[in-house]
*Asks:* 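If you scroll down you'll find the structure; I have some questions about it.
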Amino acid sequence: MTAEAINTTTATDYTTDEMMTIIASRDLNNGDVVFVGIGIPSTAANLARRTHAPDVVLIYESGTIDTKPTRAPLSIGDGELAETAVAVVSVPEIFAYWLQAGRIDVGFLGAAQLDRHGNLNTTVIGDYDHPRVRLPGAGGAPEIAIGAGRTSIVLRQSTRTFVDKLDYVTTVGHHHGSGSRAALGVRGSGPSIVITDIGILRPDPVTDELTLMSLHPGRTVEEAIAATGWPLKVASELTTTQAPSELELTALREVSAR
Amino acid sequence: MKNITTLTDAIAEHIHDGDTVALEGFTHLIPFAAGHEIIRQQRRDLRLVRMTPDVIYDQMIGAGCARGLIFSWGGNPGVGSLHRFREAVDVGYPHPLAIEEHSHAGMSVRYTAGASGLPFGTMRGYLGTDITKHTATIRTIECPFTGEPLAAVAALNPDVGIIHAQQADKDGNVGFWGIQGVQKEAILASTRAIVTVEEVVDSFDSRVRVVLPSWVLSAVAVVPRGAHPSYTHGYYDRDNAYYRAWDEISRDRATFADWVRTHILETRDFADHLAMLDSSMAQV
């Protein structure tokens, strides 16, 4: 079978994580400078580099610039990231000279909670002083969100994660919507895509409210609405997400293999 | 070589109850041996500082060394929650823990300001978040030249900074390479500084990228594998199985207490602890 023939073959046997990773990868353009964290973002960026975007530049917050690992690393401080990087710089430098100065095109973010405007909580569930669940905290997210040209959010969709009101705003997305993000004085255009296990959401061009644009194969609008803690806006021309191709899936499994 | 000593003596001399202490190392070169020695000598009421309080601070918090924590991300990387840290925050066990949280960028600017002898540093950060409502060391200021609103963060100047490095030379200068994190800034921001190293060499490896001169270091101690279970580039890899096993050990108070007693309090030093780990691995 030729590579082209493989590419056009749609896969049927894949996991939800694989689907989300492949969508995140497709969303990257060749030449993008991408600020990645561990997990799906790191795997997605490495997959893009192996498939449609060979010139994507990977930067990890541990200070490795233009790194080319053979496999998606287990931690942001993996030794292979330093060994294969064009440059290894300090943490103050990566955040100041590279992120804050505007040298990053795309930043990846995840969260425990997300609201309709793509604001994120990774700090606490419940009251801050008497939390029900204490989460890890901010990490690099608040400045990735305002320093990168745009952000890509990867998060499983449920009424626990897609909430009407965040318990704590760790990281700003489109703020209160309708252009209020820009009025804060932040740089970058904010979340451009939210990739879930059910579908793909994008901000409305006027209100900035996240709108369901696409459903993954086999998923329904009813499921998406039921998994959202606010009245979910659905695009009038809802599409079906293209299933992973055999080529994408094979490349992904090579990148992920450990 | 006048600053070269043992880790036992370095901790005894330079860490006092109530000190503000920063152990740095961003996923790489995490000074576990020094953290264990602080637990072994039963220091109390420390205000701990670290961008990523992972397993090392879970151990110190659970062992009762801390009353405060300044940090930006607290978790067991790739595994999940820090159970001792969470229990201290949630229910004040074994002691209430006063937390002061920032972002990674904020912590790095605070260390840089501290190392530079400035009272604060500036950055574009924290806009539109709730972090500023709960953290008194963040303020908004106006750029005096352009009028742009900027975040100001207070300088961090720990009493003691502690890092692990690959090498010291025979004059007591320290060199390291690989992922370098915020270690240089943490050492230069601190009043006293302790460094553990893998070995003392006649002259540095050509891969050394960061050098800290002996006269800014209070004490240098040779501790082979002193960053285990994190890694030391060029010497040994990360022990991922330890990080995964920590989840189970730390989940329960009694299991944790038993681990600290047998692996730290009842061992002579870090080499003794490593020998115990190696022999238990051999039995598996």
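The sequence lines fix the lettering, A, B, ..., with proteins before strands; numbering per chain opens at 1. Note that these values count all heavy atoms, side chains included, but never hydrogens, waters or copies made by symmetry.
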*Asks:* May I ask you to name which of A:Arg187, A:His130, A:Arg134 has the most heavy-atom pairs under 4.5 Å with chain B?
*Replies:* A:Arg134
*Asks:* List the steps, then state whether side-chain contact (heavy atoms from CB on, under 4.5 Å) holds for A:Val88 with B:Arg209.
*Replies:* CA-CA 10 Å; A:Val88 180; B:Arg209 286 290 174 275; over 6 Å; no
*Asks:* Using a 6.0 Å cut-off, check whether atom CZ of B:Arg47 has over 12 heavy atoms from anything other than its own residue.
*Replies:* no
*Asks:* Checking heavy atoms, do the side chain of A:Pro136, its backbone, both or neither come under 4.5 Å from chain B?
*Replies:* both
*Asks:* For B:Tyr111, is it the side chain, the backbone, both or neither that has a heavy atom under 4.5 Å from a heavy atom of chain A?
*Replies:* neither
*Asks:* Heavy atoms only, distances under 4.5 angstrom: which of A:Glu83, A:Glu93, A:Gln100 has the most pairs with chain B? Name it, please.
*Replies:* A:Gln100
*Asks:* Among B:Ala105, B:Gly178, B:Gly234, B:Pro149, which residue has the highest count of heavy-atom pairs closer than 4.5 Å to chain A?
*Replies:* B:Ala105
*Asks:* Is the shortest heavy-atom distance from the side chain of B:His104 to the side chain of A:Glu143 under 4.5 Å?
*Replies:* no
*Asks:* Counting only heavy atoms closer than 4.5 Å, note whether A:Val89 contacts chain B via side chain, backbone, both or neither.
*Replies:* backbone
*Asks:* Sort B:Ser103 into side chain, backbone, both or neither according to what part of it lies under 4.5 angstrom from a heavy atom of chain A.
*Replies:* both
*Asks:* Between CG of A:Leu135 and CZ of B:Arg86, what distance do you get to the nearest 0.5 Å?
*Replies:* 7.0 Å
*Asks:* Name the region of B:Asn76, side chain, backbone, both or neither, that has any atom closer than 4.5 Å to a heavy atom of chain A.
*Replies:* neither
*Asks:* Minimum heavy-atom separation for A:Ser62 and B:Ile179, please, with both atom names.
*Replies:* O-CG2, 3.4 Å
*Asks:* Any idea which of A:Ala141, A:Gly137, A:Ala82, A:Pro92 has the most non-hydrogen atom pairs under 4.5 angstrom with chain B?
*Replies:* A:Pro92
*Asks:* Using non-hydrogen atoms only, which part of A:Ile146 is less than 4.5 Å away from chain B: side chain, backbone, both, or neither?
*Replies:* side chain
*Asks:* Under the criterion side-chain contact (heavy atoms from CB on, under 4.5 Å), I'd like the reasoning laid out for A:Glu61 against B:Trp73: C-alpha separation, chi angles, the key distance, then a yes or no.
*Replies:* CA-CA 13 Å; A:Glu61 68 187 7; B:Trp73 189 91; over 6 Å; no
*Asks:* Flag the pair B:Val182 / A:Ser90 as yes when at least one side-chain heavy-atom distance between them is below 4.5 Å, and no otherwise.
*Replies:* no
*Asks:* What part of A:Ser180 is in contact with chain B, defined as an atom under 4.5 angstrom from a non-hydrogen atom: side chain, backbone, both or neither?
*Replies:* neither
*Asks:* If you compare all heavy atoms of B:Ser108 against all heavy atoms of A:Phe95, which two are closest, and at what distance to 0.1 Å?
*Replies:* OG-CB, 4.5 Å
*Asks:* Checking heavy atoms, do the side chain of A:Arg181, its backbone, both or neither come under 4.5 Å from chain B?
*Replies:* neither
*Asks:* If the contact rule is any heavy atom under 4.5 Å from chain A, which residues of residues 119-138 of chain B qualify, in numerical order?
*Replies:* B:Met123, B:Arg124, B:Gly125, B:Tyr126, B:Leu127, B:Gly128, B:Thr129, B:Asp130, B:Ile131, B:His134
*Asks:* Within a 6.0 Å radius of atom CZ on B:Arg251, are there more than 12 heavy atoms belonging to other residues, nucleotides or ligands?
*Replies:* yes
*Asks:* Taking everything shown except A:Arg160 itself, do over 12 heavy atoms lie less than 6.0 Å from its CZ?
*Replies:* no
